[in-house]
Amino acid sequence: MTFAVRYSQGALEDLERLYDYLLLRDIELAEKAYHAIVKATEFLENFPFSCRKVLTDNAFLRELVIAFGSSGYVALFEIEDSETITILAIRHQREEDYH
């Protein structure tokens with residue numbers, strides 16, 4: 001079974017915010033981080049249930065840990081139905097929590 005992965009407006013804004021943060025420091029690094037996040041989310045097309053649960057009583061709200069450099073990113077997503085996954089938010093692992 002393959003899932004369609006879509007991004008919420010908030011997740012797209014997070015992706016832009018994270019990209020812009022790195023863009024001010026290193027354009028090449030910003031591009032690599034962006035592509036690492038997008039590539040990692042492709043994993044969800046086939047294996048969304050292998051990611052960690054956010055809440056023990058909700059099997060459909062999960063987090064994908066995305067390795068990048070010495071830390072990385074975390075994508076919060078929801079398995080909407082048997083065909084669709086929505087990425088709700090993306091944050092750097094050193095940020096306190098989702099916005």
Side-chain angles (χ1 to χ4, degrees):
M1 174 185 321
T2 301
F3 291 83
V5 178
R6 64 184 186 160
Y7 290 78
S8 70
Q9 184 61 40
L12 291 173
E13 290 169 5
D14 288 340
L15 195 54
E16 184 177 347
R17 175 182 55 83
L18 294 165
Y19 179 82
D20 288 346
Y21 176 82
L22 288 176
L23 188 60
L24 295 172
R25 288 146 183 79
D26 184 339
I27 189 168
E28 222 175 283
L29 187 63
E31 290 290 322
K32 287 180 182 179
Y34 174 84
H35 291 294
I37 293 169
V38 171
K39 180 71 174 164
T41 59
E42 291 174 3
F43 173 82
L44 299 176
E45 293 174 358
N46 296 301
F47 304 107
F49 286 100
S50 67
C51 297
R52 67 183 181 195
K53 293 181 195 176
V54 174
L55 305 168
T56 56
D57 61 340
N58 184 347
F60 301 106
L61 189 61
R62 295 180 174 249
E63 289 182 322
L64 171 66
V65 177
I66 303 165
F68 186 77
S70 62
S71 56
Y73 301 92
V74 181
L76 176 68
F77 68 94
E78 184 174 18
I79 302 167
E80 300 281 342
D81 53 40
S82 63
E83 299 175 346
T84 311
I85 290 174
T86 302
I87 298 173
L88 303 171
I90 305 167
R91 66 175 174 83
H92 190 274
Q93 287 182 7
R94 292 183 181 162
E95 287 183 274
E96 284 188 27
D97 209 345
Y98 300 104
H99 299 278

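Residue numbers run from 1 in the order of the sequence given.
Classification of Arg17 and Asp14 as a salt-bridged pair holds, one side-chain N sitting under 4.0 Å from a carboxylate O.
A heavy-atom distance below 4.5 Å is not found between the side chains of Lys53 and Asn58. Contact annotation: the side chain of Ile79 approaches that of Phe3 to within less than 4.5 Å [non-hydrogen atoms, C-beta and beyond]. Residues Leu15 and Ile37 are in side-chain contact: their nearest non-hydrogen atoms beyond the backbone lie under 4.5 Å apart. Between Val65 and Gln93, the closest side-chain pair of non-hydrogen atoms falls below 4.5 Å. Inter-residue side-chain proximity for Ile66 and Val74 is flagged as unmet; no heavy-atom pair is nearer than 4.5 Å. Contact of the Tyr34 side chain with the Leu29 side chain is not registered, since no non-hydrogen atoms from C-beta on lie closer than 4.5 Å.
Nearest heavy-atom pair across Ala30 and Tyr19 is O-CD1, 3.5 Å.
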Just do the side-chain contact (heavy atoms from CB on, under 4.5 Å) check on Glu63 and Cys51 with the steps written out, would you?
CA-CA 6 Å; Glu63 289 182 322; Cys51 297; over 6 Å; no
Could you walk me through whether Arg6 and Ile85 pass the side-chain contact (heavy atoms from CB on, under 4.5 Å) check?
CA-CA 6 Å; Arg6 64 184 186 160; Ile85 290 174; over 6 Å; no
Working for side-chain contact (heavy atoms from CB on, under 4.5 Å), residues Ile87 and Thr41:
CA-CA 9 Å; Ile87 298 173; Thr41 59; 3.4 Å; yes
Leu18/Glu95 under side-chain contact (heavy atoms from CB on, under 4.5 Å): CA gap, chis, key distance, verdict:
CA-CA 11 Å; Leu18 294 165; Glu95 287 183 274; 3.8 Å; yes
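The distance from the CZ atom of Phe43 to the OG atom of Ser50 is 3.0 Å, given to the nearest 0.5 Å. Separating the CZ atom in Phe60 from the CG atom in Leu55 is a distance of 13.0 Å, to the nearest 0.5 Å. Distance CZ/Arg62 to CG/Leu88: 13.5 Å, rounded to 0.5 Å. Within the model, atoms CG of Leu64 and CZ of Phe77 stand 6.5 Å from one another, a figure rounded to the nearest 0.5 Å. For the atom pair Ser8 OG and Glu78 CD, the distance stands at 10.5 Å (nearest 0.5 Å). Distance check, rounded to the nearest 0.5 Å: CD of Glu28 to CG of Leu23 gives 12.5 Å.
Tyr73 and Phe68 have tilted rings, their planes meeting at an angle from 30° to 60° on a 0 to 90° scale.
Annotation: Glu42, atom CD; neighbour count of heavy atoms from other residues, nucleotides and ligands within 6.0 Å is above 12. Summarising the local packing, CZ of Phe47 is surrounded by 12 or fewer heavy atoms from other residues, nucleotides or ligands at distances under 6.0 Å. In Glu16, the CD atom is not crowded: 12 or fewer heavy atoms of neighbouring residues, nucleotides or ligands sit closer than 6.0 Å. Taking a 6.0 Å sphere around CD1 of Ile27, one finds it holds 12 or fewer heavy atoms contributed by other residues, nucleotides or ligands.
Hydrophobic clustering of Ile, Leu, Val, Met, Phe, Trp and Tyr side chains at less than 4.5 Å, counting indirect connections, unites Phe49 with Val5.
Side-chain N/O atoms of Thr86 and Glu80 include a donor and acceptor closer than 3.5 Å.
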